[in-house]
Amino acid sequence: MSEKFRNAARQNLKWVSVAAMLATVAAGSAWGVYKLPAPIVDAMLEADIRKQAELWRRRVVLHLKHAEATFITGYVNDEDAKYLTLMPEASDVYRLKLFDETGRVFWSTRIDDVGTQNENPYFAAQVMQGVTYYKQVEKPATEIDGLNLHSTHVEHATPHNVAEIYTPISDNGRVVGAVEFYTDVTTLRGTFITRVRMLLGALSTLGLLAMGLVSLVTFRTNQKQMRALSRKSDHERKLMDEQLRLAREVKLLGELNEWLQSSRSLDELFDMVSKFMTHILPNAEGSVYVYSNSRDVLDGWASWNGGDHKDHIHPDSCWGLRRGRVYEYGSGEVTFVCEHAEPHDGRPYFCFPILAHGETVGLMHLRAHSADCENFAANKKLARMCAEQISMAISNVQMRDQLHDQSVRDPLTGLFNRRHMTDSLRKGISRCQSQGSRLSLIAIDVDHFKKFNDNHGHDAGDMVLRAVGSVLEQACDGDEVACRPGGEEFTLILPDTTPEDALTRAELVRQAVEEVTVRYGEKALPRVTISIGVSHYPSHGTMPQDLMRAADEALYEAKARGRNQVYVANQNDSVITPVEGTAETPGKKPDAA
């Protein structure tokens, strides 16, 4: 009895030891699940926000009319202030500050920040040395702009995690200021930490269960233990393979989403899609179609893994688009082949309608490399997630293109506005300076335009402006730019054009406008004529304002000498040279029109 008792006691002691070991492991796992996610997520958030801050900084610099001068002078005009004020509504930034090189705030979304001084050591030691500085702090909810508080006990509210990041602004290698962005990462941080904890908890639970199973099998016979260990090893290998597969898919989907959100055009977007889909779904060939602006056909944009796409397909040629949901060929006993999938060889395929904001924007077609329906169907969920990410990216690019087009186009004539004209002229001159090419600027003004408005009404005047704008748009080719800076003034920018060709083009435009007949109601308006002034780079200046001033002075002289003619500015900007055969009888100086 005593031997049996000792054996039982030893057995119980072993079980207690195993239980204690499992408890220790469980406690360690619980501690790791609770503690490890926060620093990991914070590091991920910092890397992501640093990338986002670079995009925010570029948006600020690109939209400021004179970015470097703004930070040097500390002056923000009304147009720039309006854009900066609206930036928090169009991004994850809820607050931003503009610093000059001394650390003084000269503009902020909060008025009371203006004039304050950043005396922290990192500002001079890092930010003003061209290094982006990042920090994450806890702030009360009342400090966050745009946060709706529903609790009456604000003092007991949970603090929010706020990321503050300083991005330096440089001019010719010298740091002239900085932009500080504030973004609330509380929700995103909490979500990521929760997900990482859930994943670690699941893995820890599986580990503990595995250890318990192994411990249980250890007390059985060695043969049974070996069989159990063998089965366990196979099971764990499958689990590990599945976990690795899922982790790889999640990583690729995350990278795909990040790259798609940074794409600036559909061509760039679908180039990314083709490369990523080759890795995400290597056993399927695919193609993507997007609705044209007319919504009557879908244009083929990209294909991968040996797939091909047609230039255009009709919406009725796809069962997925006609039925408004995913169509899976080969899943049922009776299925029908889509017209756009012909010629078909019997392989299973998916047709995913690409939806964004409740509207169908395109189609993703996937076809298996082989006739193995089971393995191909197992990727349906992953393919659907890819289609969802692609849909939002397409919608974002199209919306960004529309907004950009609206920001640089004149709504009446469809020509480019003054802002785009200035940017194009600056870029053209920069290219001329680097390549040694030429550039001409043509300033155009509608003769007696005020009389059109006074005698026939503003609607008739608008028709005249649209007619002139149509002539200028048709006259442009390649990189040439037609603009309407305002009123009855128009401008043509002609890169890589000799002075002789520019004068010829100006005369052709004048003749084309003169031949236009504008009808208003049931009658034809009086003949429309234009006066034109021409300046050339580098003869009349090497700066945009020099070329515009020279062209304007030539235009005024053309008007002074009778209108409806072309004049070119001379080298010294004080003498104006007429173009042979274009001048009318000299007349008096031009009036306000």
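Computed from a prediction, not measured in an experiment: that's the story for all the values here.
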Look only at the side chain of [X] and the backbone of [Y], and say whether a donor-acceptor pair between them is shorter than 3.5 Å.
{"X": "Y327", "Y": "F336", "result": "yes"}
{"X": "N305", "Y": "L281", "result": "yes"}
{"X": "T191", "Y": "T187", "result": "yes"}
{"X": "E342", "Y": "H344", "result": "yes"}
{"X": "R409", "Y": "G414", "result": "yes"}
{"X": "R505", "Y": "A475", "result": "yes"}
{"X": "R322", "Y": "D316", "result": "yes"}
{"X": "S430", "Y": "R426", "result": "no"}
{"X": "R347", "Y": "A368", "result": "yes"}
{"X": "T413", "Y": "L415", "result": "yes"}

Quiz prompt | Test applied, side chain to side chain donor-acceptor pair (under 3.5 Å); reference residue, D501; option that passes from T498, T504, T497 | solution = T498
Quiz item: Under the salt bridge (charged side-chain N to carboxylate O under 4.0 Å, His left out) test, which residues partner D477, sequence neighbours left out?
Solution: none
Quiz item: Hey, mind stepping through L45 and L188 against side chain to side chain contact (heavy atoms under 4.5 Å, CB included) and telling me if it holds?
Solution: CA-CA 9 Å; L45 283 175; L188 187 62; 3.6 Å; yes
For [X], I'd like to know if atom [atom1] has over 12 heavy atoms of other residues, nucleotides or ligands within 6.0 Å.
{"X": "E79", "atom1": "CD", "answer": "no"}
{"X": "K232", "atom1": "NZ", "answer": "yes"}
{"X": "K275", "atom1": "NZ", "answer": "no"}

Self-check item: Note: R510-E507 ion pair, threshold 4.0 Å (strictly below)
Solution: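 Looking at E507 together with R510, the answer is yes, because their closest N to O distance falls below 4.0 Å.
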Quiz item: Taking NZ, NE, NH1 and NH2 as the nitrogens, is one of them in D42 or R189 under 4.0 Å from a carboxylate oxygen of the other?
Solution: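 Salt bridge flag = yes for R189 with D42.
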Quiz item: Is there a side-chain contact between T194 and M198 (heavy atoms, below 4.5 Å)?
Solution: yes
Exercise. Answer yes or no: is there a side-chain heavy-atom contact under 4.5 Å between L425 and M548?
Key: yes
Quiz item: Are the aromatic rings of H312 and Y289 close, with centres under 6.0 Å apart?
Solution: no
Quiz item: Are V468 and V446 close enough, and set up right, to give a side chain to side chain contact (heavy atoms under 4.5 Å, CB included), and what steps lead you there?
Solution: CA-CA 8 Å; V468 175; V446 180; 4.2 Å; yes
Practice problem: Taking side chain to side chain donor-acceptor pair (under 3.5 Å) as the test, write out the residues that go with K427, two or more places apart. | Solution: none
Quiz item: For T186, which residues count as a side chain to side chain donor-acceptor pair (under 3.5 Å) partner, sequence neighbours excluded?
Solution: H160, D184
Quiz prompt | H420 and F416 aromatic ring geometry - parallel, tilted or perpendicular at 30°/60° bounds | solution = parallel
Practice problem: Can you label the angle between the H365 ring and the H340 ring as parallel, tilted or perpendicular, going by 30° and 60°? | Solution: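 Aromatic pair H365/H340 classed perpendicular.
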Quiz item: How long is the gap from CD on E54 to CZ on R50, to the nearest 0.5 Å?
Solution: 11.0 Å
Exercise. Would you please test D496 and R431 for salt bridge (charged side-chain N to carboxylate O under 4.0 Å, His left out) and show each step?
Key: CA-CA 10 Å; D496 301 321; R431 187 176 68 172; 3.2 Å; yes
